[in-house]
Amino acid sequence: MSEFIPSFEHKKIEKKWQDEWYNFDYFKAIDFSDKEKYYSLVEFPYPSGIGMHIGHIRAYLSLEVISRKRRMEGYNVLFPIGFDAFGLPTENYAIQTQIHPRKITDNNIKIFKKQLKSAGISFDFSRIVDTTDPDYYRWTQWIFLKLYEHNLVFKDKAYVNYCPSCQVILSNEESQGGKCDRCGFDVVQMEKDVWFLKITEYANSLLEGLKDLESNSRIRSEQEKWIGKSVGANLHFPIKDSDKNLEVFTTRPDTIYGATFMVIAPEHPYIKEFKSRIKNLDEIKKYQEQAKHKTEFERLELAKDKTGVKIKGLKAINPISKAEIPIFISDYVMITYGTGAIMAVPAHDTRDYEFAKKYNLDIVEVIKGGNIEKEAYTDTETGELINSPVINGLSVKDAIDKIIKIIKKEKIGEEAIQFRMKDWAFNRQRYWGEPIPIIYCEDCGIVPVPYDDLPVKLPYIEKFTPSSTGESPLANIDEFVNCKCPKCGKDAKRETDTMPQWAGSSWYFLRYMDPTNNKEIASKEKLDYWGKVDWYNGGMEHVTRHLIYSRFWNQFLFDIGVVPNKEPYKKRTAQGMILGADNEKMSKSRGNVVNPMEIIDEYGADTLRTFVLFLSDYEMSTPWNEDGVKGARRFLDKIWRMFPKVNQSTTYTLDLERDIHLTIKGVDEDIENIKFNTAIAKMMELVNLYNKQTEITKADYEVLLKILYPIAPHLCEELWRKLGHKELLVFESYPNYNPKKLVKEEIELVLSINGKVRDKVVVENNLSKDKLKEIALESEKIQGYIKGKEIIKTIVVPNKLVNIVVK
RNA sequence: GCCGGUAUGGUGGAAUUGGUAGACACGAUGGAUUCAAAAUCCAUUGCCGUUAAAAGCGUGUCGGUUCGAGUCCGACUACCGGUACCA
């Protein structure tokens, strides 16, 4: 101990322990171990060329800390990592540089692995999955074929969002606000053959499954809203002088007497169906044409300004009141939601109200309580039905119940449920993705590739630029396109579209359980052993799309008997974003990006880890603050420098005992509640106490190393070894606290007058209320305040305070 | 528009069931050490006030409940995130 280096040499020490951990596979998860299993999952990264972002570090650290702690607690921990490597950025970069995406991806993965290790994250690197590996995407294709087999895949012509800049078809989610998610270019509408996955079939099941997911309310409600369940009724409005009905969906069947007109979407099939009867067909067609060419942006901009055309020659009949009412065509009704037609109740729906005002249509009040001269009255809690013969006087809720009974009896409608969630558009016209395993045969039509022929491998090509027709680059590769029909053997052609980026990530958590299996996605035994993901952490931005897609695939695999659990995740948390020092989102263009590797190089991985966790509440977004890094480093140095004053005693220093037990308890609770910032603050407080002692015991020091280990493992390993231990901290037992040792013998009693603190005295713990009151009145300061005043009342909170109310 | 979240010192942020607001850290100031600096250590650090104290003020704004409110209730403002004519 004589030659002691006053600051820990992070470069040397961190490298030493990383080599030890990774070379000897200390973090390897053991299949079928007798220990209880724990599966911690973090969202696998897209291996971009810039390498790791500070956000990755924060995202992984929560479960990194939990995983290290769980190992100490005796669990067999599966904490895997992989790469979601298909996708546009790599492909665009490939086009730019003429380097093959395979090469780029391999290189990026290599960089990422190295960086993850230099941060000391305790991943099981033996289980890496790479979605672009044919041994992996073979099973992605396999699941697609299974979905196809179970009629959950269909092909349809659809207007799709197309980005002329990326030359790629986008999902609704990727083209929000009419802008391309990737490049920001204006999205245009384009008719295409599109593969869909029928996720809507699982809508209800996905909603129900949320009940079993442990997560905060925000995570749950975003998913709920995305699924968007509405309960109401389908009503049949007869078209006058025909045997057809106009079907509408409504959540407010109680307002049927107030339905003064109907509105159908511009794309509604009845325009064609009744074209011979429509007197102003030209005008209608013109409107349809306009609606089609409105960009998303215009539709949003003009959202308030309703437009539409009355369909002349066509009338609907209100099936309850028998009133004849006009039908309009307007783009405020969407063909993609419900039945593409509505009954408009202007008195009680804001949109219908605006439309009625603009076109001077009747507004009939059927619920009392608002002022329909001014605005639509949409309250459903307090109103009472009027002008509605069969349901007058009822509340909205009762009226809905009663009217549904009536319409069912009269066969003019039925209860119905609608979801806002749409089927999942499942193809891209790009090269760098999983080929869709489908063959087109002139005689046999669409033929799925036989399971034995999987994987359909991506051919190694030189030119990845998409064709100007919007077709995949694969369409130009004859050797890929031309094949034999698996059914009849005749010449046939392959599907050239590839899967969207969400495909590979929809089941990767299953593959980790058995990453090299070449017979199944994973063996039944391993799926059973590892079971559900115990804790899944990732970004808030993936709570809707990725989480729902992957739950959908898992539920499907459960339904066909492939996986043992209907829901894949037990618990889900999400980290907050780290913003730039300027409080703006980090981005290259703003120049506020923090490179974690630079911090590791200068201050070390332990410092980075400690600081990122200390920065703020884990779930909140927060600006980066370079200065704070020094504070974290100082904290670790203090612990390092303390080493020479450690004595050989194996019991806690008496003066520190209570604080040690308190800290163990607090740190444990904080970590489990992902309050890493306060956990670290508590350890800092303990270290400050240690520093005040001239000597500390080996026991004092060891317990600190153990509770700090999950956060700053390199430093703790090194000091642990310096204490003479032969074994690593990895599987040392996590410390327990003794509740009896938490009791304080003396407490500080606060004395206040009228709620204002006037004095503080140290008294024995657990004194009676009367005794505390007595003590309070004895205080000189208190006496000064109550002199000449009347004591109205005294409140005593045992072990806390005495408040005297005077007048 | 609707749905969430947030608002606390110069800064990042703490605060258990309503019970000492500002833990912990950064920064700053003063001092020790040093030839000097860095590092380290000690002290101070919400505002106002004072020689020092006391008193007073203080958790986005306004109001309320309470012996007592950062915390509960009502109204509002700003910022962030989600969503967008969803019938």
Side-chain angles (χ1 to χ4, degrees), chain A residues 6-7 173 176-177 216-219 221-222 224-226 228-230 232 248-252 255 263 265 296 299-300 302-306 330-334 336-345 348-352 354-355 418-422 540-541 543-544 576-577 579 581 583 585 610-611 614-617 619-632 634-635 637-638 641 666 669 675 677-685 687-688 691 748-760 781 784 792-797 799-806:
Chain A
S7 146
E173 291 72 40
Q176 279 166 11
N216 67 32
S217 60
R218 187 171 163 217
I219 290 174
S221 86
E222 278 196 17
E224 276 167 9
K225 264 190 236 141
W226 203 73
K229 184 178 180 172
S230 299
V248 303
F249 171 73
T250 177
T251 55
R252 297 293 305 279
T255 60
V263 186
E296 190 82 13
R299 274 184 101 139
L300 287 174
L302 305 171
K304 292 277 174 283
D305 188 24
K306 305 258 179 307
S330 171
D331 63 2
Y332 87 86
V333 171
M334 308 289 139
T336 48
Y337 185 78
T339 59
I342 61 158
M343 65 172 202
V345 184
H348 306 289
D349 181 284
T350 322
R351 296 150 297 173
D352 298 343
E354 282 166 23
F355 194 82
Q418 274 295 330
F419 292 94
R420 82 193 288 155
M421 187 165 77
K422 311 242 167 36
M540 207 54 219
E541 69 277 22
V543 156
T544 46
M577 224 189 306
L579 306 169
N583 223 330
K585 220 170 177 166
T610 306
F611 178 64
F614 183 64
L615 194 55
S616 84
D617 186 302
E619 295 177 284
M620 302 287 191
S621 68
T622 186
W624 178 256
N625 169 10
E626 186 92 33
D627 286 336
V629 179
K630 286 180 213 135
R634 235 174 259 170
F635 165 61
D637 276 338
K638 269 190 212 171
R641 282 196 307 267
E669 286 168 359
K675 304 288 177 204
N677 54 337
T678 49
I680 292 169
K682 284 177 178 123
M683 288 188 265
M684 286 174 167
E685 284 181 78
V687 165
N688 290 342
N691 254 339
E748 193 183 45
L749 186 72
V750 171
L751 308 179
S752 62
I753 301 288
N754 291 345
K756 281 195 172 157
V757 179
R758 296 301 183 186
D759 199 8
K760 296 168 190 177
K781 281 190 190 162
I792 295 170
K793 150 182 199 187
T794 309
I795 292 116
V796 181
V797 183
N799 290 338
K800 276 236 167 82
L801 66 84
V802 177
N803 185 26
I804 298 167
V805 185
V806 297

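Note that these values count all heavy atoms, side chains included, but never hydrogens, waters or copies made by symmetry. Here is the naming used below: chain letters follow the sequence lines, and residue numbers restart at 1 for every chain.
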Touch class at under 4.0 angstrom, heavy-atom based, for [X] against every strand present:
X      : value
A:R218 : sugar-phosphate
A:E748 : base
A:S221 : nothing
A:N803 : base
A:M620 : sugar-phosphate
A:D352 : nothing
A:I795 : base

Length of the CZ-C1' vector between A:R641 and B:C41, whole Å: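 Computing the A:R641:CZ to B:C41:C1' distance gives 9 Å.
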
Atom pair distance, as rounded to whole Å: CG in A:L801 and C1' in B:A21: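 The answer, rounded to whole Å, is 14 Å.
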
Hey, does [Y] have a side-chain heavy atom less than 4.5 Å from the side chain of [X]?
X      : Y      : result
A:I680 : A:T610 : yes
A:I342 : A:D352 : yes
A:D349 : A:F355 : no
A:V805 : A:I795 : yes

If you compare every side-chain N and O of [X] against the phosphate oxygens of [N] (OP1, OP2), does one of them come in below 4.0 Å?
X      : N     : result
A:R420 : B:C85 : no
A:R758 : B:A55 : yes
A:K793 : B:C67 : yes
A:S621 : B:G81 : no
A:K630 : B:A38 : no
A:R351 : B:C86 : yes

Shortest non-hydrogen contact from A:N803 toward A:S752: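 In terms of heavy atoms, the two residues are closest at OD1-OG, 3.0 Å.
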
Interatomic distance at P, B:G46 relative to B:A25, whole Å: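 Nearest-Å result for B:G46 against B:A25 at atom P: 15 Å.
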
Distance between C1' atoms of B:G60 and B:U77 (Å, rounded):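 Comparing C1' positions in B:G60 and B:U77 gives a spacing of 8 Å.
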
Footprint string (nucleotides 28-33 of chain B, 5' to 3'): B base within contact, S backbone only, - free, heavy atoms under 4.0 Å: ------

Counting side-chain heavy atoms from CB outward, which of [options] is closest to [X]?
X      : options             : value
A:S616 : B:U40, B:G13, B:A14 : B:G13
A:S230 : B:G19, B:C26, B:A87 : B:A87
A:V797 : B:A25, B:C85, B:G19 : B:G19
A:V750 : B:A14, B:C24, B:U20 : B:U20

Strand RNA chain B in bracket notation, Watson-Crick/G-U under 3.5 Å with | for pairs to another chain: (((((((..(((......[....)))((((((.......))))))((........))..(((((..]....))))))))))))....

Donor-acceptor pair under 3.5 Å, A:K225 side chain vs B:U83 base: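 No, no donor-acceptor pair under 3.5 Å.
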
Presence of donor-acceptor pair under 3.5 Å, side chain of A:K306 and base of B:C85: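 Checked by distance alone, the answer is yes.
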
